[in-house]
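Below is one structure, written out as structure tokens, with a few remarks after it.
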Amino acid sequence: MNTPKRYLITSALPYANGLKHIGHLAGAYLPADIYVRYLKAQKRDVVFVCGSDEHGTAIPIQATKEETTARAIIDKYHPIMKQNFSDLGIEFDIYHRTSDPLHHETAQEFFTKLNDNGDLEIKESEQYFDEQANSFLADRYIKGTCPNCNFPGAYGDQCENCGKSLSPDELINPVSTLSGNPPIKKLTKHWYLPLNRHEDFLRNWILKEHASDWRPTVVGQCKSWIDGGLQPRAVTRDLDWGVKVPLKEADGKVLYVWFDAPIGYISATKQWALNNEKDWRPYWEDKDTKLVHFIGKDNIVFHCLIFPVMLKLHGNILPDNVPSNEFMNLEGDKMSTSRNWKLDMQDYIDDFIKKENGGSQMADVLRYYLTLIAPETKDSEFTWQGFQDANNSELVSIFGNYINRSLVLMHKLCKGKVPPLHNDGLTDLDRATIEEIEACKQKVENLLEQYKFRDALFEVINLARTGNQYMQKKEPWILAKQVDADGNVIHEAQQSIDNTLHICLQLCANLAILINPFLPFTARKICHLLKVVDKILDWKNAGKMKLLSVGYTLRAPELLFRKIEDSEITYQLEKLKAASVKREASVVSDPVTAKTEEPVAANSPVKPEIVFDDFAKIDLKVGKIVSAEKVEKVDKLLKLSVDLGFETRTIVSGIALHFAPEEIVGKQVTVVTNLAPRKMRGIESNGMILMAEDTNGKLHFINPETEIDPGAGVS
RNA sequence: GGCGAGGUAGCUCAGUUGGUUAGAGCACAGGAUUCAUAACCCUGAGGUCACGAGUUCAAAUCUCGUUCUCGCUACCA
């Protein structure tokens with residue numbers, strides 16, 4: 001493996017619509033920071049960029065929720081996120097933002113080049129338009145009744161009640177959230193990135209060239225997408241929040257957020273270059289640059305398929321690796337912002353780092369545990385108990401304790417000075433220990449180069465364990481009891497004590513260097529205790545045994561980590577559960593989006609008023625199920641034959657998860673008989689069975705109290 | 001239903017191209033020790049490697065089936 005000339009490391013741009021939780025931290029920011037700190041300790045040429053992603057419809061939506069403007073939202077969250085990262089020791093070379101003019105220029109230039117080269121397609125389509133607001137409506141700006149669960153406040157892209165992804169066309173009774181009026185359909189023009197043109201490139205590049213050096217989950221996910229068929233993807237949309245499409249004919253259109261966001265890496269690099277009087281170009285154009293994207297698995301498609309296609313078309317380098325992490329669960333459940341099941345970085349900072357017994361050592365504790373359980377190969381599990389255990393029995397008991405006992409012993413047995421190493425007195429154990437220090441450096445290095453952060457961290461802790469074992473075997477405190485008539489330790493014993501503590505202290509210094517990428521605050525604190533400058537943390541010093549000069553006075557020991565009490569853990573567990581329960585309770589009385597919605601949807605779960613004639617259009621009849629069978633290869637559908645008196649019809653109904661075919665034959669049901677026919681799975685459905693859903697989500701038939709003749713009208 | 005990733009000790013996870021009694025850390029039990037934040041150190045117990053077949057001299061590892069979890073995707077008039 002030859003060393004690249006320079007590195008460009010990116011962490012996924014966090015979306016500036018709210019606080020970010022530790023799942024995000026563990027997925028994209030912490031591993032990147034560790035990697036970057038390691039590279040920098042190696043004195044490599046590396047730039048670590050990140051920034052806030054401030055476009056997309058969710059920003060104005062959040063603004064409505066908080067009753068403010070989009071600009072105010074991003075100006076609120078950008079500095080908070082920046083500070084959160086800083087408090088946790090995530091040290092970007094630049095934390096930029098996509099609202100910056102430089103980014104707008106960069107994104108526009110990117111679009112223009114692709115468009116000029118004919119790499120984009122233009123298509124016209126009908127989209128919902130709000131006449132009063134004179135504006136096309138993003139999916140998120142259309143609300144209506146969810147066709148899946150009948151929740152009246154479903155958005156055009158997703159129903160927040162049942163979680164189903166939707167398209168605006170699926171909504172029943174769509175309404176614009178801008179004016180409250182039903183939208184009309186209007187023709188609009190959009191630019192598309194034809195991913196389908198690049199299937200061969202992607203297949204070859206990922207599935208062949210990177211089949212073995214990328215993580216299996218990443219390659220697998222890409223394969224799944226590619227095999228599923230790549231579609232042209234809209235690059236622009238009708239919205240007034242974002243990067244304006246740089247074409248006269250595209251007034252009122254902006255770049256789709258997925259298109260402009262990754263370009264944010266480039267504009268961030270440009271800004272960094274401006275700040276530091278550097279040239280940004282080689283970082284994105286020179287083949288000798290190693291580009292690495294750190295992301296969570298939800299971002300794989302963008303960073304492995306879409307953005308590389310964009311980069312290739314634009315003439316940039318491609319990522320060398322995209323070490324995506326899986327997800328981190330919390331106490332047995334998925335982390336979720338909407339269900340409030342999470343631990344925000346901000347909350348951890350408030351509850352641990354900013355406390356009197358906290359400080360930056362607590363930032364390192366979180367970094368330690370998150371790295372220990374990093375979801376590198378599969379989803380992992382954050383538990384507060386695990387957090388406490390990792391701290392108390394590893395950081396405190398093994399690592400912190402080793403450093404502490406080394407310093408304490410040195411003060412007691414070596415007069416507070418680094419003792420000399422008497423070469424003629426070296427034992428096999430001494431030599432073996434020295435060799436282990438050197439070997440540890442190599443192990444950590446190899447693992448980090450392969451993005452195996454968890455294993456790398458283990459090796460460092462293991463070196464502390466080695467130190468403990470070594471000290472235990474040498475027992476300098478026992479040797480110190482061998483005194484002569486004057487009470488002085490006899491010569492041979494003192495020599496052995498000197499050698500032991502000399503090696504122990506050099507090992508401490510090595511620990512500082514090796515732990516530095518993972519726990520930077522701790523590394524600096526060790527340097528302070530050893531009275532050495534931070535320069536010693538250069539990676540090239542690792543494995544060396546001459547980091548501390550003989551005879552040098554060291555500081556009095558201070559503890560590196562404190563124990564975490566049971567009460568702190570119970571407090572967090574209760575807090576987590578309380579917040580999540582509160583959330584559930586509030587959903588019942590006050591729908592997810594209550595504050596912002598039109599009164600109708602917010603205050604009463606009733607659809608807009610209609611007149612009798614509207615109702616009279618619907619033809620409802622009682623029918624009787626005469627046969628039922630499961631539609632093959634589909635989860636939810638049953639094919640029913642329903643006797644309506646005057647005829648027997650085939651109706652396909654999505655109730656298979658609730659009823660077995662045999663148990664519903666003979667049941668009476670209410671049928672909408674004049675609904676337009678619709679084909680599902682190749683079967684034409686002529687009508688619709690009315691169902692009621694209880695609070696548990698279970699479906700119930702709507703039928704007459706006692707059996708009556710099929711075909712009876714309902715009104 | 002399709003595709004992808006998983007199911008290994010109480011917990012969190014390793015297990016390279018199939019090869020001797022399946023590993024680590026933590027937790028647990030016993031012992032030893034006191035320099036150290038009752039920390040460290042030593043020893044030990046603990047697994048039908050989700051389940052069932054098959055290929056093989058040999059399977060946690062390969063093949064097929066079943067089942068469960070996660071992600072993407074399809075179906076809901």
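Each chain gets a letter, A, B and so on, in the order its sequence line appears, and its residues count up from 1. Here the structure is a predicted model, which means the values were calculated and not measured. Worth knowing before you read on, the calculation uses all heavy atoms, side chains too, and leaves out hydrogens, waters and symmetry mates.
Backbone-only engagement by A:K412 is indicated by non-hydrogen atom pairs under 4.0 Å involving sugar-phosphate atoms exclusively. As judged by a 4.0 angstrom heavy-atom cut-off over every strand, A:I226 is placed among residues making no nucleic acid contact. As judged by a 4.0 angstrom heavy-atom cut-off over every strand, A:I373 is placed among residues touching the sugar-phosphate backbone only. Among the heavy atoms of the strands lying under 4.0 Å from A:F561 is at least one base atom, whether or not backbone atoms are also near. Within the 4.0 angstrom heavy-atom criterion, only backbone atoms of the sugar-phosphate kind lie near A:I398; the bases stay farther away. Backbone-only engagement by A:V408 is indicated by non-hydrogen atom pairs under 4.0 Å involving sugar-phosphate atoms exclusively.
Rounding to whole angstrom units, CG of residue A:L372 and P of B:rC13 are separated by 10 Å. Distance NZ (A:K563) to P (B:rU37): 11 Å, rounded to an integer number of Å. Atom CG in A:L395 sits roughly 19 Å away from atom P in B:rU12 (whole-Å rounding). The distance from atom OH of A:Y402 to atom P of B:rU34 is 20 Å, rounded to the nearest whole Å. Counting to the nearest Å, the P atom of B:rC41 and the CE atom of A:M471 are 11 Å from each other. Separating the CG atom of A:N391 from the P atom of B:rC26 is a distance of 14 Å, rounded to the nearest angstrom. Rounded to a whole Å, the CG atom of A:L330 is 18 Å from the P atom of B:rC11. Residue A:L457 contributes atom CG, which lies 19 Å from atom P of B:rA24 at whole-angstrom precision.
Of the possible polar contacts, none joining the A:T670 side chain to the A:L690 backbone as a donor-acceptor pair under 3.5 Å is found. Not a single donor-acceptor pair under 3.5 Å links the side chain of A:E199 to the backbone N or O of A:L230. Panel note: side chain A:D364, backbone A:F521; a donor-acceptor pair is recorded below 3.5 Å. Judged by distance alone, the side chain of A:Y369 and the main-chain N or O of A:T383 form a donor-acceptor pair under 3.5 Å. Put simply, the side chain of A:R649 gets close to the backbone of A:T673: a donor and an acceptor are under 3.5 Å apart. At least one donor-acceptor pair under 3.5 Å links the side chain of A:N510 to the backbone N or O of A:Q506. Counting only distance, with no hydrogens or angles, the side chain of A:E376 and the backbone of A:R454 share a donor-acceptor pair below 3.5 Å.
Listed candidates were B:rC26, B:rA36, B:rU34. Nearest to the side chain of A:K481 is B:rU34. Comparing B:rC70, B:rC41, B:rC35 against the side chain of A:D379 picks out B:rC70 as the nearest.
Nucleotides B:rG65 and B:rG23 place their P atoms 32 Å apart, quoted to the nearest Å. Using atom P as the reference point in both B:rC3 and B:rU63, the two lie 15 Å apart (nearest Å). A gap of 14 Å separates the C1' atoms of B:rU48 and B:rA9, to the nearest Å. The same atom, C1', is picked in B:rU21 and in B:rA58; the two are 15 Å apart, to the nearest Å. The gap from the P atom of B:rA50 to that of B:rA39 amounts to 35 Å, rounded to the nearest Å. Using C1' as the reference atom, B:rC11 and B:rG46 are 13 Å apart when rounded to the nearest Å. Atom C1' of B:rG31 sits at a distance of 14 Å from the matching atom of B:rA45, rounded to the whole Å. Rounded to whole Å, the C1' atom of B:rU8 lies 7 Å from the corresponding atom of B:rA60.
Contact check for A:L457 versus A:I515: side-chain heavy atoms found under the 4.5 Å cut-off. The shortest side-chain heavy-atom distance between A:I34 and A:R367 falls under the 4.5 Å cut-off. Within the 4.5 Å cutoff, the side chain of A:T500 has no heavy atoms near those of the A:L479 side chain.
Checked by atom type, the side-chain pair A:T427/A:D430 shows a donor-acceptor distance below 3.5 Å. Defined by atom type and a distance below 3.5 Å, a donor-acceptor pair is missing between the side-chain atoms of A:Y470 and A:E436.
Positionally, the nearest nucleotide of RNA chain B for A:S380 lies more toward the 5' end than for the other of A:S380 and A:R562. Checking A:D455 against A:L409, the closest nucleotide of RNA chain B that is more toward the 5' end is the one next to A:D455.
Contact between the side-chain N/O atoms of A:Q469 and the OP1/OP2 oxygens of B:rC42 is found at a separation under 4.0 Å.
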- Starting at the 5' end of RNA chain B, write a dot or bracket for each base, bracketing those in Watson-Crick or G-U wobble pairs whose two distances are under 3.5 Å and using | for partners on another strand. (((((((..((((.....[...)))).((((.........)))).....(((((..]....))))))))))))....

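Electrostatic pairing of A:K297 and A:D379 counts as a salt bridge here, judged by a charged N lying under 4.0 Å from a carboxylate O. The pair A:D333-A:K342 fails the salt-bridge criterion, with no side-chain N (NZ, NE, NH1 or NH2) lying under 4.0 Å from an Asp/Glu carboxylate O.
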Short N/O separations, protein against nucleotides 3-6 of chain B, under 3.5 angstrom:
{"residue": "B:rC3", "atom": "O2'", "partner": "A:S224", "partner atom": "OG", "Å": "3.3"}
{"residue": "B:rC3", "atom": "O2", "partner": "A:S224", "partner atom": "OG", "Å": "3.4"}
{"residue": "B:rG4", "atom": "O2'", "partner": "A:G220", "partner atom": "O", "Å": "3.4"}

- Going 5' to 3' along nucleotides 27-33 of chain B, which nucleotides have protein heavy atoms under 4.0 Å from the base (write B), which only from the sugar-phosphate (write S), and which from neither (write -)? S------

